[in-house]
Amino acid sequence: MTHAIVARQAGGPEVLAYEEAERPVPGPGQLLLKVGAAGVNFIDTYKRSGTYKVPYPFIPGSEAAGTVEEVGDGVTGFVPGDRVATAEGINCYADYALVDEAKALPVPPHLDDATAAALPLQGMTAHFLINSTFKVEAGHRVLVHAGAGGVGLLLIQLLKDKGAEVVTTVSTDEKEQLALDAGADHVLRYGGFSKRVREITGGAGADVVYDGVGKDTFDGSLSALRVRGTLVLFGAASGPVPPLDPQRLNAGGSLFLTRPTIAHHLQDAAERRWRSDEIFAAAARGSLKVRIGARYPLVRAAQAHRDLEGRRTTGKVILVP
Ligand code: NDP
């Protein structure tokens, strides 16, 4: 018998139970993945808590890396024994998960399962945020919130690669050191961050703000922008942002506001391949460092959620079946 994490209702981390589960059977075009490591992402907590609606019983997790155990009818690109990762898997908090062949990413041989599971969702997110949502160029001044988080540490490194000046916010000294090690030029605490960004940019403000914190930072993020700057709101770790009067964008300096999500940035095989190839290649050659900040056995998924939501994690959080 295999195991999975199952939620039978929305709620706190305690709804995540470790249960016996049938091994899934791959349908046409699907791979059965023996999960080596599953990625924990903030979106898993939104689905667990009911912020995002899901059907029950619900097995969380869309990110994993491991070995193909079986292939469904019509699969042509993979055979049992291949190593794959995905950001778009089905029920990944489990010993075995299903992956549509089109959404399976080949793993470079020298990346271990934990590193390969750490990259697809947060790495491709960082990629679309700086290459598609707002095209960052050398000299742009960029504010990234939660710089020591999973997305944050990857964003800082990719932004520095592009020659941007990076300001970031964190909540503790330990996180400050991690953000500096990743290459951030300025590391701030959240209190008064917009004023500090304005000082750092000689009064002008940031070209772009990447805000995955949401409710607590949103207004300050708008205030930290230059005239015609862009706020990229891409998450809500502190809670959802209340409705906004569009006049706020006028008053702030003809600002742009966008709320992107990864699903619209992996539209086809070519786009998925572009983002994943660049991210995996950077990790494989060592120019993109992946920090696995916390690793839990699958049975402790609830604790992983508690720690992620409690701001106690840094970098990537991994579950190991
Ligand atoms: P992180 O590892 O960044 O964890 C969240 C961090 O947010 C915390 O560590 C904490 O850092 C900071 N934070 C600030 N305020 C709070 C609060 N009140 N409660 C909890 N955390 C807070 O998570 P991820 O890298 O997985 O995700 C980061 C954000 O990116 C999330 O909002 C997520 O939803 C979003 N995301 C969006 C995607 C998209 O497609 N739009 C895809 C992937 C992620 P500190 O203590 O330093 O403040």
Side-chain angles (χ1 to χ4, degrees), residues 12-13 38-49 51-52 60-63 86-88 117-134 143-158 167-180 182 184 187-191 193 209-221 231-241 257-267 271-272 275 279 290-295 304-319:
V40 177
N41 291 286
F42 230 91
I43 192 170
D44 305 338
T45 70
Y46 307 148
K47 289 181 178 170
R48 186 215 69 223
S49 66
T51 304
Y52 290 0
S62 63
E63 185 176 52
T86 186
E88 304 159 277
L119 279 168
L121 207 149
Q122 293 172 341
M124 291 198 286
T125 295
H127 189 278
F128 83 71
L129 289 174
I130 67 171
N131 290 294
S132 303
T133 306
F134 180 99
L143 171 62
V144 174
H145 286 302
V151 176
L153 284 174
L154 299 175
L155 260 181
I156 292 171
Q157 296 176 73
L158 295 171
V167 187
T168 191
T169 50
V170 297
S171 64
T172 68
D173 290 348
E174 186 213 348
K175 292 183 179 187
E176 173 169 350
Q177 193 55 52
L178 291 171
L180 287 170
V187 184
L188 313 176
R189 294 300 192 270
Y190 291 91
F193 72 82
V209 177
Y210 290 108
D211 188 342
V213 170
K215 180 167 68 66
D216 292 354
T217 45
F218 181 77
D219 200 63
S221 294
L231 173 52
V232 180
L233 177 70
F234 67 99
S238 68
V241 172
L257 169 65
T258 181
R259 192 352 182 149
T261 194
I262 190 168
H264 304 133
H265 293 83
L266 301 175
Q267 296 256 67
E271 190 165 56
R272 190 176 288 107
R275 302 195 196 286
I279 291 296
V290 179
R291 174 181 169 82
I292 312 285
R295 228 181 263 253
H305 276 214
R306 272 183 208 106
D307 290 345
L308 182 64
E309 293 177 291
R311 305 170 79 161
R312 287 184 290 277
T313 65
T314 58
K316 186 68 196 178
V317 179
I318 287 291
L319 298 175

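Because the structure is a prediction, the values reported are computed rather than measured. Remember, it's 1-based here, ligands and their atoms both numbered in the order they're listed. The analysis underlying the following values was restricted to heavy atoms, covering all of them including side chains, and did not include hydrogens, waters or symmetry mates.
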Give the numbers and elements of all ligand 1 atoms closer than 4.0 Å to a heavy atom of Q122. 24 (P), 25 (O), 26 (O)
Within the 4.0 Å heavy-atom shell around I262, which atoms of ligand 1 are there? 39 (C), 40 (O)
Proximity of A148 to ligand 1 by residue part, where a heavy atom lies under 4.0 Å: neither
Need the ligand 1 atom indices (1-based, order shown) with element for anything under 4.0 Å from a heavy-atom of Y46. 31 (C), 32 (O), 33 (C), 34 (O)
Test side-chain hydrogen bond (donor to acceptor under 3.5 Å, both in side chains) on H305 and T45 and set out the steps. CA-CA 7 Å; H305 276 214; T45 70; 5.7 Å; no
I'd like to know if H265 contacts ligand 1, where contact means a heavy-atom distance under 4.0 Å to any ligand atom. no
Atom 28 (C) of ligand 1: nearest protein contact (heavy atom, Å): V151 CG2, 4.2 Å
So does L178 get a backbone contact from the side chain of R291, meaning a donor-acceptor N/O pair under 3.5 Å? no
Which bit of L121 is near ligand 1, meaning a heavy atom under 4.0 Å away: side chain, backbone, both or neither? side chain
On the 0 to 90° scale, with breaks at 30° and 60°, tag the F234-Y210 ring pair as parallel, tilted or perpendicular. perpendicular
Taking N or O atoms only and a 3.5 Å limit, does F234 qualify as a polar contact for ligand 1? yes
Criterion side chain to side chain contact (heavy atoms under 4.5 Å, CB included) on L158 and I279, from CA distance to verdict: CA-CA 9 Å; L158 295 171; I279 291 296; 3.9 Å; yes
Applying side-chain hydrogen bond (donor to acceptor under 3.5 Å, both in side chains) to D211 and not counting sequence neighbours gives T217, S221
Considering heavy atoms of the protein only, find what lies nearest to atom 11 (O) of ligand 1 and give residue, atom and distance to 0.1 Å. K175 NZ, 3.5 Å
T168 side chain to V144 main-chain N or O, any donor-acceptor pair under 3.5 Å? yes
For G150, the ligand 1 atoms with a heavy-atom partner under 4.0 Å come out as 1 (P), 2 (O), 3 (O), 25 (O)
Measuring from R189:CZ to D173:CG, what's the distance to the nearest 0.5 Å? 5.0 Å
Closest protein heavy atom to atom 21 (N) of ligand 1, given as residue, atom name and distance to 0.1 Å: R311 CG, 3.3 Å
For E309, the atoms of ligand 1 under 4.0 Å from one of its heavy atoms are 19 (N), 20 (C)
Distance filter under 4.0 Å to V213 heavy atoms, resulting ligand 1 atoms: 14 (C), 15 (N)
What is the closest protein heavy atom to atom 12 (C) of ligand 1, and at what distance does it sit? A146 CB, 3.7 Å
So if I count the atoms of ligand 1 from 1 in the order they appear, which ones are less than 4.0 Å from some heavy atom of A236? 32 (O)
Looking at R306, is its backbone amide N or carbonyl O close enough to the side chain of R312 to form a donor-acceptor pair, meaning the two atoms are under 3.5 Å apart? yes
Counting from 1, what ligand 1 atoms have a heavy atom of G212 closer than 4.0 Å? 29 (C), 31 (C), 32 (O)
With sequence neighbours excluded, residues passing salt bridge (Lys or Arg N to Asp or Glu O under 4.0 Å) with D216: none
Nearest protein heavy atom to atom 42 (C) of ligand 1, by residue and atom, and its distance? T125 OG1, 3.1 Å
